[in-house]
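By convention here, the first residue in the shown sequence is residue 1.
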Amino acid sequence: MTTPLIRIEHASKSFGDFHAVRDVSLEVGQGDIFGLIGKSGAGKSTLLRLINLLERPDAGAVTVDGRELTSLSKRDLRDARSNIGMIFQQFNLLQNASVFENVAFPLRIHGGQTKQQIAARVADCLELVGLSDKIESYPAQLSGGQKQRVAIARALASKPAVLLCDEPTSALDAETTRALLATLKDINHRLDVTIVIVSHELDVISEICNRVAVIENGAIAEQFALDDAATLAAPRLTALGRELAAASAANTLAVIAPQPETIHV
Ligand SMILES: Nc1ncnc2c1ncn2[C@@H]1O[C@H](COP(=O)(O)OP(=O)(O)OP(=O)(O)O)[C@@H](O)[C@H]1O
């Protein structure tokens, strides 16, 4: 693995007497697109939310980019969180604010930047997600895919090292999903932003991730690389792992052997 950018050590989280995350240890490498997959209620979202302390673990440690988050003061945690962007299934945009204001919001809250600097950063982020022409629009005037792109632009505004994605395509149709995943890949590649993505959709994980952990009953049942043919051929411990390895192996073969219509003579 490359240098770990995120390290979770023996983290647990309960809600009342329900154990949502059980003694999880996990490392995500710099530049990875890391998938968390599992059935509904397995604890994927809770585990993801431990990475920026939206959920504070009852036990264990969470280190992101060299800072152990559970030990930070409120002020230092706010600062550390600006290094961790997040997007959600339902986009979570401010409905009464324009696209510009939505993307500028985290920059205004964090402070320290002039109006001109904020305007320039918002323009850069919207260009990155292909929405420069929507800067004056309001969320209600946008499609689901466009709303998620605004959310991505907002998450990237403070130049985070990490982008957390909680079911980012679940509200989108198949074609919009493909386009959005291509944008996330592009961001990972061009900006070297490390991505952790939660999804219950096998196709989404196999399309975009280079590593995956299968979550069952709040614990990691297995984890493996999706970009390595030998690993994909090895026996797997879970049904989801087997399905995912098969889907990813098929994707890898499709890349090696292009479809006839893509061959130009
Ligand atoms: N704030 C909370 N209070 C009480 N229970 C919670 C809370 N958040 C999550 N849970 C419970 O913890 C369990 C794991 O939830 P989580 O959202 O992490 O699962 P998930 O794998 O992401 O599921 P889904 O795919 O359905 O979102 C669920 O049973 C859920 O009801």
*Decide side chain to side chain contact (heavy atoms under 4.5 Å, CB included) for E136 and S98; before the verdict, give the C-alpha distance in whole Å, the side-chain angles of both, and the deciding distance to 0.1 Å.*
CA-CA 6 Å; E136 288 173 6; S98 66; 5.8 Å; no

*Around R78, counting heavy atoms of other residues, nucleotides and ligands shown, do more than 12 lie under 6.0 Å from its CZ?*
no

_With a 6.0 Å cut-off (strictly less than), is the heavy-atom count around CG of N217, excluding the residue itself, greater than 12?_
no

*Can you list every pair that meets salt bridge (charged side-chain N to carboxylate O under 4.0 Å, His left out) and has a residue in residues 85-102, with sequence neighbours left out?*
E101-R108

*Count the heavy atoms belonging to other residues, nucleotides or ligands that lie under 6.0 Å from NE2 of H110, then report whether that count exceeds 12.*
yes

*Shortest non-hydrogen contact between G31 and D192, atoms and distance*: CA-OD1, 3.6 Å

_Residue among I8, V21, V24 satisfying side-chain contact (heavy atoms from CB on, under 4.5 Å) with I220_ = V24

*Check E127 against S132 and note the closest heavy-atom contact, atom names and distance.*
CA-OG, 3.4 Å

*Determine whether more than 12 heavy atoms belonging to other residues, nucleotides or ligands lie under 6.0 Å from atom CG of N96.*
no

*Can you tell me if CD on Q141 sees more than 12 non-hydrogen neighbours from other groups inside 6.0 Å?*
yes

_Flag if over 12 foreign heavy atoms under 6.0 Å of CZ, F100_ = yes

*A155: what forms a side chain to side chain contact (heavy atoms under 4.5 Å, CB included) with it, not counting sequence neighbours?*
I87, L163

Under 3.5 Å donor-acceptor pairs involving side-chain atoms of residues 45-52, not counting sequence neighbours:
from: S45; atom 1: OG; to: D166; atom 2: OD1; distance (Å): 3.1
from: S45; atom 1: OG; to: D166; atom 2: OD2; distance (Å): 3.2
from: N52; atom 1: OD1; to: L54; atom 2: N; distance (Å): 3.1

